[in-house]
Each structure stands twice: as structure tokens, then as C-alpha cells.
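Chain identifiers are assigned alphabetically (A, B, ...) following the order of the sequence lines, protein sequences preceding nucleic acid strands; residue numbering begins at 1 within each chain.
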There are 2 protein chains.
Amino acid sequence: MQIRTVKDLGAIIRDRRKKADLDQADLAQKVGVSRQWINEVEKGKPRAEISLILKTLDALGVVINIDGERPDKTGKAAQPKTVDIDSIIENARRPKQ
Amino acid sequence: MQIRTVKDLGAIIRDRRKKADLDQADLAQKVGVSRQWINEVEKGKPRAEISLILKTLDALGVVINIDGERPDKTGKAAQPKTVDIDSIIENARRPKQ
DNA sequence: TTACAATGTCATCGAACGGTGACAAATGGA
DNA sequence: TCCATTTGTCACCGTTCGATGACATTGTAA
């Protein structure tokens with residue numbers, strides 16, 4: 001499954017927590033955060049700290065990985081497969097602003 | 001590649017930024033954050049906001065995905081493949097604390 | 001070396017963090 | 001239904017966030 005938003009992340013965490021037969025308090029203790037924090041994160045808290053998120057996923061045995069470039073049609077910020085000469089020239093132009 | 005720590009994340013971001021031929025200021029503008037924030041994140045800032053991290057990865061065309069259970073030997077918090085009856089019973093026991 | 005771009009670092013500031021303690025609402029079993 | 005567990009939500013508080021502006025350091029091409 002692919003993760004693009006904090007809501008995706010919250011859904012994953014809630015799903016895995018339930019599959020592990022843990023309540024929010026159990027998971028909170030395992031991770032070392034408050035029960036309220038787990039609750040908010042599962043609902044998609046946008047400003048949660050990345051390291052706590054990583055600890056939470058780790059506690060649930062969830063593996064995050066990165067693929068190569070995003071396939072063209074899949075994401076909104078598709079990457080050009082070839083070198084973008086124009087942008088390189090643009091970057092090389094002297095007055096950046 | 002697998003991501004387990006904020007340092008992994010920072011390394012990915014720096015690597016992809018350079019491959020995209022962007023400097024920190026370019027990426028910052030694309031994501032909508034300050035150049036300093038990009039700088040700190042690339043060095044493994046542990047308390048960065050998850051939503052900004054996701055926006056950054058998206059801007060770089062980096063796809064994050066989740067696999068099933070972590071393979072036994074790979075991670076420190078390995079998940080039992082079978083149902084853990086003991087922990088279920090423990091959870092079911094009346095006085096939680 | 002000189003000069004400029006890129007990166008690293010600092011202080012300041014308003015805003016939001018996460019923890020705690022408490023209570024209400026929802027859920028589920030007897 | 002009753003009752004306990006779980007989840008959702010609130011106010012308070014000390015800490016840290018990320019933006020800004022400035023300056024130092026490093027990298028690199030002329």
C-alpha cells in the first residue's frame with residue numbers, strides 16, 4: 001500500500017494496531033507516547049513529529065520503503081524520466097531571483 | 001530502500017534533491033518551507049512535522065509504501081506470524097494495570 | 001586568489017507541540 | 001438493561017516548532 005497523506009498513515013496505524021489486538025493505551029505505552037497522541041495520529045494529525053511516527057510504525061512492525069521514481073500516471077508530481085535541460089539551464093542562470 | 005530512522009529519511013531527501021538538480025532553496029520553495037527547514041531535515045531533524053515531510057517526498061517524486069509484516073530477521077520489533085494467544089489473554093485480563 | 005553560490009548556524013517570535021489529568025461519548029459483553 | 005472498556009475531547013503548561021533575517025563556512029569556477 002502507498003502512503004501519500006497523514007490520513008493514509010493514520011489508517012495504517014489504526015489497522016495494524018487492531019490486527020495486533022492492542023488498544024490505543026497499549027500502543028501508546030509500547031511507543032512511549034500518550035494515548036491522546038495515538039488517538040490524534042490515527043485521525044491524521046498533520047503536525048505530528050516524524051520520529052514518533054517512525055517509532056510507532058516500528059512498534060507495529062510496519063516497514064516503510066522507498067521505490068525508484070514514481071511511475072508517470074500514479075502521482076501528481078511526476079518526475080521526468082530524462083534529463084530536464086531547461087531546468088538545468090534555468091538553475092545555472094546567474095541571478096537566481 | 002527501507003526507512004527506519006530520520007537519518008535515513010534525510011539521506012533520501014538529500015540524494016533525491018541532488019539527482020533532481022535542485023539546491024536547498026529550490027526545494028524549499030517547491031515544498032513551501034524555509035531553506036533552513038530543508039537543511040535541518042536533511043541532517044535528520046527528529047521533530048519535523050510529518051505532513052511537511054510527506055510534501056517534501058512528494059515534491060521529489062519519492063513514493064513511500066508499506067509492506068505486509070516485517071520479515072523475521074530484518075527488524076528489531078519482529079511481529080509473530082501466528083496469533084499470540086498469551087498476549088491476547090493478557091489483554092483480556094480484567095485489571096489492565 | 002578572488003568572487004559568488006550553496007550550505008550551515010544563530011537569535012527572535014508567534015504558534016503549536018505532546019504530556020497530564022479529567023470527563024463525556026461510544027462500544028461491546030453479560 | 002447494566003457495566004466496564006475503549007475512544008474522543010478538553011484546558012493547562014513547559015517545550016519546541018518553523019519562518020525570518022542575518023552572518024559564517026564551505027564549495028567551486030574563473
Original post:
Base, sugar-phosphate, or nothing: which does A:Ala25 touch, judged by heavy atoms less than 4.0 Å apart?
Top reply: nothing
**OP:** Apply side-chain contact (heavy atoms from CB on, under 4.5 Å) to the pair A:Asp58 and B:Arg4, showing each step before the final yes or no.
**Re:** CA-CA 8 Å; A:Asp58 192 70; B:Arg4 301 186 49 91; 2.8 Å; yes
**OP:** Please report the closest heavy-atom contact between A:Thr56 and A:Leu52, naming both atoms and the distance.
**Re:** OG1-O, 2.7 Å
Subject >> Atom pair distance, as rounded to whole Å: CG in B:Leu52 and C1' in C:dC17 >> reply: 13 Å
Original post:
Would you say B:Val6 and B:Ile53 make side-chain contact, with heavy atoms under 4.5 Å?
Top reply: no
Subject >> For atom CG of B:Asn39 and atom P of D:dC23, their distance in whole Å >> reply: 19 Å
Within the sub-3.5 Å range, which N or O atoms of nucleotides 24-29 of chain D have a protein N or O partner, and how far apart are they?
none

**OP:** Counting heavy atoms from C-beta on, name the nucleotide in D:dG18, D:dT9, C:dT7 closest to the side chain of A:Lys43.
**Re:** D:dT9
**OP:** Could you state the atom-to-atom distance from CD1 of A:Ile50 to C1' of D:dG18 in whole Å?
**Re:** 16 Å
Subject >> Salt-bridge present (B:Lys30, B:Asp26; N to O < 4.0 Å) >> reply: no
Original post:
Base, sugar-phosphate, or nothing: which does A:Lys45 touch, judged by heavy atoms less than 4.0 Å apart?
Top reply: sugar-phosphate
Original post:
Knowing that exactly one of B:Arg14, B:Gln24, B:Lys45 qualifies, which makes a side-chain hydrogen bond (donor to acceptor under 3.5 Å, both in side chains) with B:Asn39?
Top reply: B:Gln24
Original post:
Taking C-beta and beyond as the side chain, do A:Ile64 and B:Ile66 meet within less than 4.5 Å on heavy atoms?
Top reply: yes
**OP:** For B:Glu42 and for A:Glu40, locate the closest nucleotide of DNA chain C by heavy-atom distance; then report the residue assigned to the nucleotide nearer the 5' terminus.
**Re:** B:Glu42
Original post:
Once you round it to whole Å, what is the distance between P of D:dG18 and CZ of B:Arg47?
Top reply: 9 Å
**OP:** Just do the side-chain contact (heavy atoms from CB on, under 4.5 Å) check on A:Val33 and A:Ile38 with the steps written out, would you?
**Re:** CA-CA 7 Å; A:Val33 297; A:Ile38 297 288; 3.8 Å; yes
**OP:** Take atom CD of B:Gln29 and atom P of C:dA6, then tell me their distance rounded to the nearest Å.
**Re:** 13 Å
**OP:** Figure out the CD/P separation between B:Gln24 and D:dA19, and round it to whole Å.
**Re:** 13 Å
Subject >> Gap between atom NZ of B:Lys19 and atom CG of B:Leu60 - 0.5 Å precision >> reply: 11.5 Å
Subject >> Check: A:Arg47 side chain, B:Glu49 main-chain N or O, donor-acceptor pair, under 3.5 Å >> reply: no
Subject >> Nucleotide D:dG8, atom C1' - distance to CZ of A:Arg14 in whole Å >> reply: 10 Å
Original post:
DNA chain C: B:Arg17 or B:Glu49, which has the more 5' nearest nucleotide?
Top reply: B:Arg17
**OP:** Please report, rounded to the nearest Å, how far the C1' atom of C:dG19 is from the CH2 atom of A:Trp37.
**Re:** 13 Å
What does the list of N/O pairs under 3.5 Å between the protein and nucleotides 20-22 of chain D look like, with a distance for each?
from   : atom 1 : to      : atom 2 : distance (Å)
D:dG21 : O6     : B:Gln36 : NE2    : 2.6
D:dA22 : N6     : B:Gln36 : NE2    : 3.4

Subject >> Options D:dG8, C:dT7, D:dC17, nucleotide nearest the side-chain atoms of B:Asp23 >> reply: C:dT7
